[in-house]
Amino acid sequence: MYQTESWGSYMPARTNLGDPLERIGRLASENAVVIFSISSCCMCHAIKRLFCGMGVNPTVYELDEDPRGKEMEKALMRLLGSSSAVPVVFIGGKLVGAMDRVMASHINGTLVPLLKEAGALWL
């Protein structure tokens with residue numbers, strides 16, 4: 001016998017994902033450090049290693065493993081004004097940028113204070 005009752009709060013994926021930029025903003029604000037990545041990207045791997053090496057545990061969204069990842073990738077390219085969408089880093093819900101911006105922040109000493117302010121680093 002099959003249950004014919006309602007599924008409750010179940011919503012089809014199509015209706016609860018919304019606009020790719022809205023989804024990016026929502027995902028970026030849910031954790032202290034968020035990286036949008038592609039699993040085969042060497043620069044993405046390097047940025048993940050940088051944060052892990054600093055003792056930060058970033059939330060990583062692999063766009064190539066997401067059914068709407070291509071749409072999100074295009075939205076990130078528009079957001080950055082760049083032809084390369086990944087890696088893109090958000091700290092404390094705010095866009096830091098791609099690899100170049102993150103590395104520049106790391107080198108000039110502004111990355112650690114950002115991480116502390118977001119609650120991602122306590123040292």
Side-chain angles (χ1 to χ4, degrees):
M1 186 168 185
Y2 294 101
Q3 183 180 12
T4 57
E5 305 263 331
S6 167
W7 283 94
S9 63
Y10 171 77
M11 295 290 288
R14 194 171 150 245
T15 59
N16 66 3
L17 295 178
D19 175 64
L21 272 178
E22 288 176 19
R23 184 173 183 219
I24 289 165
R26 184 172 37 82
L27 293 172
S29 66
E30 289 175 352
N31 295 285
V33 178
V34 175
I35 301 172
F36 290 94
S37 171
I38 290 178
S39 57
S40 62
C41 168
C42 63
M43 289 302 194
C44 297
H45 178 74
I47 208 85
K48 290 181 263 187
R49 296 285 301 157
L50 170 70
F51 284 110
C52 291
M54 295 174 77
V56 173
N57 188 21
T59 299
V60 178
Y61 292 101
E62 301 290 358
L63 299 181
D64 56 326
E65 297 172 7
D66 187 305
R68 297 201 45 204
K70 280 288 180 203
E71 292 174 33
M72 292 173 65
E73 193 174 347
K74 289 176 186 172
L76 287 166
M77 283 192 276
R78 286 194 309 272
L79 187 64
L80 293 174
S82 169
S83 61
S84 176
V86 292
V88 177
V89 176
F90 288 81
I91 298 175
K94 297 179 185 130
L95 173 66
V96 174
M99 181 74 157
D100 58 340
R101 292 276 178 107
V102 174
M103 291 309 294
S105 297
H106 182 51
I107 290 166
N108 71 23
T110 59
L111 184 60
V112 169
L114 274 177
L115 292 167
K116 286 180 180 176
E117 186 180 318
L121 194 63
W122 293 272
L123 300 176

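Since this is a predicted model, take the numbers as computed values, not measurements.
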For residues 81-99, run the donor-acceptor check on the side chains, cut-off 3.5 Å, and write out each pair with its distance to 0.1 Å, sequence neighbours left out.
from, atom 1, to, atom 2, distance (Å)
Ser82, OG, Ser84, N, 3.0
Ser82, OG, Ser84, O, 3.1
Ser84, OG, Val86, O, 3.4

Review item, side-chain donor-acceptor pairs of residues 47-55, under 3.5 Å, at least two apart:
from, atom 1, to, atom 2, distance (Å)
Lys48, NZ, Ser37, OG, 3.3
Lys48, NZ, Glu62, OE2, 2.8

Taking only distance into account, with no hydrogens and no angle test, what donor-acceptor pairs under 3.5 Å do side-chain atoms of residues 105-119 form with protein atoms, sequence neighbours excluded?
from, atom 1, to, atom 2, distance (Å)
Ser105, OG, Arg101, O, 3.0
Asn108, OD1, Thr110, N, 3.0
Asn108, OD1, Thr110, OG1, 2.8
Asn108, ND2, Ala104, O, 3.3
Thr110, OG1, Ser105, O, 3.4
Lys116, NZ, Leu123, O, 2.7

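Counting heavy-atom neighbours within 6.0 Å of Asp64 CG, excluding the residue itself, gives a total above 12. No more than 12 heavy-atom neighbours from other residues, nucleotides or ligands sit within 6.0 angstrom of CE on Met43.
By the 4.5 Å heavy-atom criterion applied to side chains, Tyr61 and Val34 are counted as neighbours.
For the pair Val56 and Ala120, the tightest heavy-atom approach, listed with the atom from each and the gap, is CG2-O, 3.8 Å.
Classification of Lys74 and Glu71 as a salt-bridged pair fails, no side-chain N sitting under 4.0 Å from a carboxylate O.
When hydrophobic clusters are built by joining Ile, Leu, Val, Met, Phe, Trp and Tyr residues whose side-chain heavy atoms come closer than 4.5 Å, directly or via intermediates, Ile35 is not grouped with Leu80. A continuous path of hydrophobic side-chain contacts links Ile24 to Ile38 [ILVMFWY only; heavy atoms under 4.5 Å]. In this structure, Leu27 is a member of the same hydrophobic cluster as Leu76, with clusters built from ILVMFWY side-chain heavy atoms closer than 4.5 Å.
Atoms CG and CZ, from Leu21 and Arg26 in turn, are 12.5 Å apart once rounded to the nearest 0.5 Å.
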